[in-house]
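Values in this document were obtained by computation on a predicted structure and should not be read as measured data. Start at 1 and go down the list; that is how both ligands and their atoms are numbered. Excluded from the calculations below are hydrogen atoms, water molecules and symmetry mates; all remaining heavy atoms, backbone and side chain alike, are included.
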Amino acid sequence: MFDLKDEDVYWCTADVGWVTGHSYIVYGPLANGATCVIYEGAPDYPDRDRFWAIVEKYRVTILYTAPTAIRAFMKWGEQYPRKHDLSSLRLLGSVGEPINPEAWMWYHEHIGGGRCPIVDTWWQTETGAIMITPLPGIVATKPGSATRPFPGIFPAILDDRGQPVGTNQGGYLVITKPWPSMTRGLWGDPERFVQTYWSKYEGIYFTGDGARQDEDGYFWLLGRVDDVINVSGHRLSTMEIESALVDHPAVAEAAVIGVHHEIKGQGVAAFVIIKEGYTPDEALKDELKRHVAQKIGAIARPDQVFFTADLPKTRSGKIMRRLLRDIAEGRALGDTTTLADPAVVQALKEKYEGQEE
Ligand code: 7RM
C-alpha cells in the first residue's frame with residue numbers, strides 16, 4: 001500500500017491511541033523495519049505549519065493523514081505548506097472517512113506538488129488492516145474513491161435481501177471471504193460479535209458502511225448505515241455519548257446524532273431532556289459538553305446541545321435518529337408514520353429552528 005523502500009521516511013500523523021495509530025504507527029511500520037517519524041502534538045502549535053516544518057526537517061517521503069486534517073489545512077490556507085520545502089514527499093495517504101474530491105485535489109496540489117499519488121485507504125478496526133486502496137503506480141486513482149480491493153480481499157455491495165446491487169447503485173458493503181487480520185470475536189461478548197457482523201447476511205461479514213461501485217469497478221464509500229458517527233476520522237458510538245449525557249444529574253434522556261460539519265466531517269448534536277428543577281440555559285449546555293468531554297474525551301464533546309421536552313420514538317420506544325437528523329440538517333421530515341406521537345417531531349422541528357446556534 002505504501003510502496004515502502006529502505007530509503008523512505010514514513011510518517012502517519014494519527015493519534016497513537018486510535019486504531020490507525022496502533023496499526024500504522026506501531027505494528028505495521030515497525031514490523032516492516034520502516035524509518036518513521038513519530039509525533040505527538042497539535043497541527044497548529046507552535047504554528048499552523050507544524051506538519052510542513054516536520055516534513056521538511058526529516059525529509060518525509062510518505063505521509064499518511066486524514067481528510068479532516070486536510071480540510072483544516074485548506075481553511076488555514078496554502079501559505080503554510082508553501083513556506084516549506086516539501087519536495088521529499090513521494091506518496092500521500094488518506095484514511096478515516098471518505099475524502100471529498102475538493103480536499104483530495106488540494107492535498108494533491110498543495111502538499112503533493114501535483115506529483116505524488118494519493119492512496120485513499122478504506123478499512124476498519126475490525127478488518128485489522130487496509131482493505132480497499134489503490135496500489136501506488138498500479139491503480140489509477142479517482143478523487144474521492146478508495147478504488148479497488150487489495151489483492152486477496154473480496155468486497156461486494158448487497159441490497160437488503162442479500163442480492164448484489166447494480167453498477168452505481170448504493171448498497172451495503174460486505175466482505176465475502178475471510179482475510180488474515182479479520183476480527184475473531186468481541187472480548188467478553190460473543191453474542192454481540194455474531195449479532196453485529198454476522199447476522200445481516202449468512203456467512204458474510206457486514207461492515208456497517210454504505211458504498212457503490214462505478215462502471216470501472218471502483219468503490220465509493222458512502223458513510224455509515226448504523227449508529228456510528230465519524231468525527232474527524234474518529235469513530236464514536238451515539239450510544240456511548242448518550243450514556244455519558246445521561247450520567248449527568250440534570251439529564252433525564254438524551255439522543256445523539258452526527259450532523260454535517262465542514263471540517264470534522266461530522267459533528268455531534270445532542271437532544272436532551274432535562275429533569276425537573278434544572279434550568280435549560282447556556283451554562284447547563286456548557287456543563288453538559290464539558291461532562292461528555294471529561295467522560296469520553298475531547299473528540300466526543302457535543303458541538304450542539306438542544307433542550308427538548310420530548311424525543312421522537314417508535315411505538316416500541318426506539319428513538320428515530322433519522323428524524324432528528326432531518327431536523328438538525330434542516331431537511332423536510334421523512335416518513336413519520338411509525339412514530340408513537342407524530343406531534344412530537346413537529347414541535348421539536350419548530351423549537352430547533354428557533355434554537356439553532
Ligand atoms: C481506519 C478507521 C472505520 C470506519 C469505516 C468507514 C470509515 C475509514 C475510510 C472510511 C471512507 C476511507 N477505523 N472510513 N477509512 N470511509 N473512506 N478511506 O478509521 O474503525 O475507526 O472506523 O471509518 O465508515 O467503517 S475505524
>> Taking non-hydrogen atoms within less than 4.0 Å of ligand 1, which protein residues qualify?
In response: Val19, Thr20, Val95, Gly96, Glu97, Pro98, Asp120, Thr121, Trp122, Trp123, Gln124, Thr125, Asp209, Leu221, Arg224, Asn230, Arg235

> Between Lys5 and Asp3, is there a side-chain N and carboxylate O pair less than 4.0 Å apart?
Replying inline: yes

> Below 4.0 angstrom, N of the basic side chain to O of the carboxylate: do Asp44 and Arg50 qualify?
Replying inline: no

> Would you call Glu126-Arg235 a salt bridge at under 4.0 Å N-O?
Replying inline: yes

> Is it true that Arg82 and Glu78 make a salt bridge, defined as a side-chain N closer than 4.0 Å to a carboxylate O?
Replying inline: yes

>> Does this structure show an ion pair linking Arg321 with Glu242, if we count only N-O contacts that are shorter than 4.0 Å?
In response: yes

> Is it true that Arg148 and Asp216 make a salt bridge, defined as a side-chain N closer than 4.0 Å to a carboxylate O?
Replying inline: no

